[in-house]
Amino acid sequence: MNTSLWLKFFVTLAVVSASSLAHGSDCESMFKSTIRASAGDYIRTAQVRANGVKPPQFANPAYEQKAQVTWSGVLGPKLIQDYLVPGTSLISHSLRGANEPGVVKTTTGNMVHLRADIAGEATNIGVSYNALKENLGRKVKSYVRDNAVAVVLFIHGGGSNTTGHHVGANIMDFLNPRSVDVISIDLKWHGEGSRNSPESVRQELEILRQYVRVLTGNTKKPIFLAGHSMGGVIADLYMRHFPNDDLFAGVMSLSTVADSAPGQSLAVKREREAAVERQNQSNEMIPADERNLGAMLARQGKISPTCGFYCDVMMTGVDWTMPVHQGADYIPALYVIGRGDALYQGNEAAFTNGVAKLKNVEFVVFEQRRDIKAKDGQKMTIGHLIFDHKPLVEFSADVPLETQQKVFEGKIDKAEFERLRADGRLKMEPQFTFEDLKSPEIYARIRNFISRVAGRELPKVEPSRDPLDDVVQEYLKNLAFREFAKSHSYLHRRATQAGAE
């Protein structure tokens, strides 16, 4: 736990040693006993306790199946367990890629990582703390807030060798204040997902349906399935396998893999894919480091036999043959891909015929955009990673460079921005607002798609937090904090009404 977090903890709570309380020691002795052990001591103790856990190796399937036995969940104190949906528990060990020693995974934002074991399939999930805390007193537990407008199940990309919730966590932080809850989940053979072998595409989708029902408490709110890359393939498969679905209200398939030869054999599809990949290695439309996407992912450690095994099984189900109903029976879908994506270049016709011509589908190809961190007007080609740019803003020739610079740096006043837009001197797609200047474009498109399908604008309401929330969330995600909590009591004091006044 870092220094600032400890300071925050001591500022918001009165913390005393449980053993000191039992013996009625004075305040000075209680404080001394509290600080006897350092944060480092608790981290080291937590790590020792988790040493029996074997991390994923992503190389040997037999080893993976043995290692998964150690990726277990643990029950917390009753108060903590009352926050959780049945079938879910606390993660007992640090995850690969954890930001700090002793931390399960993400250290900021709304997300909490948990272990779920539903219908014999165990995996790691990421849920919103704001949704989780409403379970106290609920008869039916759920990771969906009572006042949520909708829910998104987010699926990460293929090849992830750590729990793949970093993108889901960012989308969660964007959508939570807009009354949408997000749940993310590790795919099989990825992160610490199940190492059971997939039987069929249909069965894998049925397992996903079972998870959704349990984690959402069979909510009646609209649920959306979203995924990036291989997660986008899962969303695409779901739309086509479950026409007229009554569980998901819509899907969002981002940077998905094309069916390069609809209706043809798997051998023909693979041959076509290999030819496109060879052609793309010298394709200047694709960002240089993405021209051989497979090699790029391998360099990043995101390609492995175990992950590839699951992805290959799921890809056998991809079929973009135009159905008789022309897509009218499919649930609403949003497809987004970058013009320079190696999965799009060479497959443009496949996307046009297999996606864009479907009814109920919104198909968006990102042309050149400005990087989200750019402070000048330079544009970049959008490839496979579609989360790194803001909505495109264009100016007429008479807008001063200083004003343009203020827009790029996010320093322009809203009134000035709206005036320039009303005068036609600044152009941005009508669906985007001044607020969207600060966020990735894809997040705004996801928000607008959910709003359109749900039939209402998403209200922006910042969830309220109380100092006790910080303590509970820290307990859920920080192994060192759990060690600390074993020997300390927490006195959470609020002012009386008279004192507050």
Side-chain angles (χ1 to χ4, degrees), residues 149 167 170-171 173-180 226 228 252 254-255 284-288 290 332 334-341 344-345 348 351-352 356 361-462:
V149 172
V167 175
N170 292 333
I171 292 177
D173 288 343
F174 178 85
L175 289 178
N176 262 199
R178 293 163 177 83
S179 303
V180 177
H228 178 250
M252 292 170 272
L254 316 175
S255 302
E284 294 185 357
M285 277 294 295
I286 303 172
E290 292 186 24
L334 170 67
Y335 283 73
V336 181
I337 198 161
R339 173 73 67 183
D341 194 329
Y344 181 71
Q345 287 292 311
E348 296 93 333
F351 276 94
T352 297
V361 165
E362 179 185 349
F363 179 54
V364 180
V365 179
F366 282 155
E367 305 293 343
Q368 286 195 324
R369 297 288 195 272
R370 297 181 180 93
D371 185 271
I372 198 165
K373 297 177 182 177
K375 296 185 178 180
D376 55 31
Q378 187 173 356
K379 298 176 185 176
M380 59 183 285
T381 299
I382 305 302
H384 192 62
L385 305 177
I386 58 175
F387 302 93
D388 299 331
H389 64 274
K390 300 175 184 178
L392 186 63
V393 178
E394 300 285 29
F395 303 91
S396 59
D398 63 333
V399 176
L401 290 177
E402 311 88 79
T403 302
Q404 297 184 33
Q405 192 72 22
K406 285 197 296 183
V407 173
F408 300 143
E409 294 181 2
K411 295 179 180 178
I412 192 168
D413 177 79
K414 182 177 181 180
E416 183 180 5
F417 175 87
E418 298 296 0
R419 186 167 58 252
L420 288 169
R421 194 174 190 180
D423 292 343
R425 299 168 68 202
L426 178 154
K427 294 183 179 179
M428 186 167 69
E429 281 192 46
Q431 64 173 299
F432 300 128
T433 66
F434 171 77
E435 182 186 65
D436 294 329
L437 289 175
K438 301 177 182 179
S439 304
E441 178 179 348
I442 188 64
Y443 294 178
R445 288 188 180 272
I446 288 173
R447 176 203 64 204
N448 293 345
F449 176 74
I450 293 172
S451 178
R452 177 167 62 80
V453 175
R456 58 174 293 190
E457 186 175 344
L458 302 182
K460 189 170 183 184
V461 181
E462 291 285 353

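Counting begins at 1 with the first residue of the sequence.
- Between Gly340 and Pro287, the closest heavy-atom pair is O-CD, 3.4 Å.
- Side-chain atoms of Gln404 come within 3.5 Å of backbone N or O of Val399 as a donor-acceptor pair.
- Side-chain contact between Phe366 and Arg445 is present, with heavy atoms from C-beta onward closer than 4.5 Å.
- Here Asp436 does not pair with Lys390 in a salt bridge; the nearest charged N to carboxylate O distance is not below 4.0 Å.
- With contacts defined as side-chain heavy-atom distances shorter than 4.5 Å, the pair Leu437/Met428 qualifies.
- With respect to Glu416 and Lys406, a salt bridge is recorded, a charged nitrogen being found less than 4.0 Å from a carboxylate O.
- Looking only at distances, a side-chain donor or acceptor of Thr352 sits under 3.5 Å from a matching main-chain atom of Glu348.
- The shortest heavy-atom contact between Phe363 and Ala356 is CD2-CB, 3.5 Å.
- Take Glu402 and apply the side-chain contact (heavy atoms from CB on, under 4.5 Å) test, not counting sequence neighbours, and it matches Pro400.
- Under a 3.5 Å cut-off, the side chain of Asp423 and the backbone N or O of Arg425 do not form any donor-acceptor pair.
- Phe351 places a side-chain heavy atom less than 4.5 Å from the side chain of Ile337.
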task: Let me see the working for Glu362 and Arg452 under salt bridge (charged side-chain N to carboxylate O under 4.0 Å, His left out), right down to the final yes or no.
output: CA-CA 11 Å; Glu362 179 185 349; Arg452 177 167 62 80; 3.3 Å; yes
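- The backbone N or O of Thr381 sits nowhere less than 3.5 Å from a side-chain atom of Arg369 that would complete a donor-acceptor pair.
- Residue Ile386 comes nearest to His389 through the heavy atom pair O-CE1, 3.6 Å, listed as atom of the first residue, atom of the second, then distance.
- To the nearest 0.5 Å, the span separating CD1 on Ile382 from CD1 on Ile442 amounts to 10.5 Å.
- Salt bridge Glu394/Lys427: absent, no basic N to carboxylate O contact under 4.0 Å.
- A salt bridge is absent between Arg370 and Glu441: the closest approach of a Lys/Arg side-chain nitrogen to an acidic carboxylate oxygen does not fall below 4.0 angstrom.
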field: Test log, rule side-chain contact (heavy atoms from CB on, under 4.5 Å), inputs Val149 and Arg456
entry: CA-CA 9 Å; Val149 172; Arg456 58 174 293 190; 3.7 Å; yes
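- For Val167 against Tyr443, the heavy-atom pair with the smallest separation is O-OH, 4.5 Å.
- The shortest non-hydrogen separation linking Asp173 to Pro177 is O-CD, 3.2 Å.
- Within the structure, ring-ring contact (aromatic ring centres under 6.0 Å, His included) contacts touching residues 409-429 (residues at least two apart or in different chains) are Phe417-Phe434.
- Residue His384 comes nearest to Ser255 through the heavy atom pair O-OG, 3.1 Å, listed as atom of the first residue, atom of the second, then distance.
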message: Is there a side-chain contact (heavy atoms from CB on, under 4.5 Å) between Gln345 and Glu284? Walk through the geometry before answering.
response: CA-CA 10 Å; Gln345 287 292 311; Glu284 294 185 357; over 6 Å; no
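- Between Met380 and Gln368, every side-chain heavy-atom pair lies at or beyond the 4.5 Å cut-off.
- Taken from CG in Leu254 to CG in Asp341, the straight-line distance is 11.0 Å, to the nearest 0.5 Å.
- Classification of Lys414 and Glu435 as a salt-bridged pair fails, no side-chain N sitting under 4.0 Å from a carboxylate O.
- In this structure, Leu420 and Ile412 have side chains that are in contact, with non-hydrogen atoms separated by less than 4.5 Å.
- Taking 4.5 Å as the limit, every side-chain heavy atom of Arg178 sits out of range of all side-chain heavy atoms of Val461.
- Ring orientation note: the planes of His228 and Phe387 are nearly perpendicular, at an angle over 60° on the 30°/60° scale.
- Not a single side chain to side chain donor-acceptor pair (under 3.5 Å) links Glu457 to another residue, sequence neighbours left out.
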task: Output, in order, the C-alpha distance, side-chain angles, deciding distance and verdict of side-chain contact (heavy atoms from CB on, under 4.5 Å) for Leu458 and Arg447.
output: CA-CA 8 Å; Leu458 302 182; Arg447 176 203 64 204; 3.6 Å; yes
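- Judged purely by atom type and a 3.5 angstrom limit, Asn176 uses its side chain to pair as donor or acceptor with the backbone of Val180.
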- prompt: Going through the checks in order, is the side-chain contact (heavy atoms from CB on, under 4.5 Å) test met by Ile446 and Phe174?
  reply: CA-CA 10 Å; Ile446 288 173; Phe174 178 85; over 6 Å; no
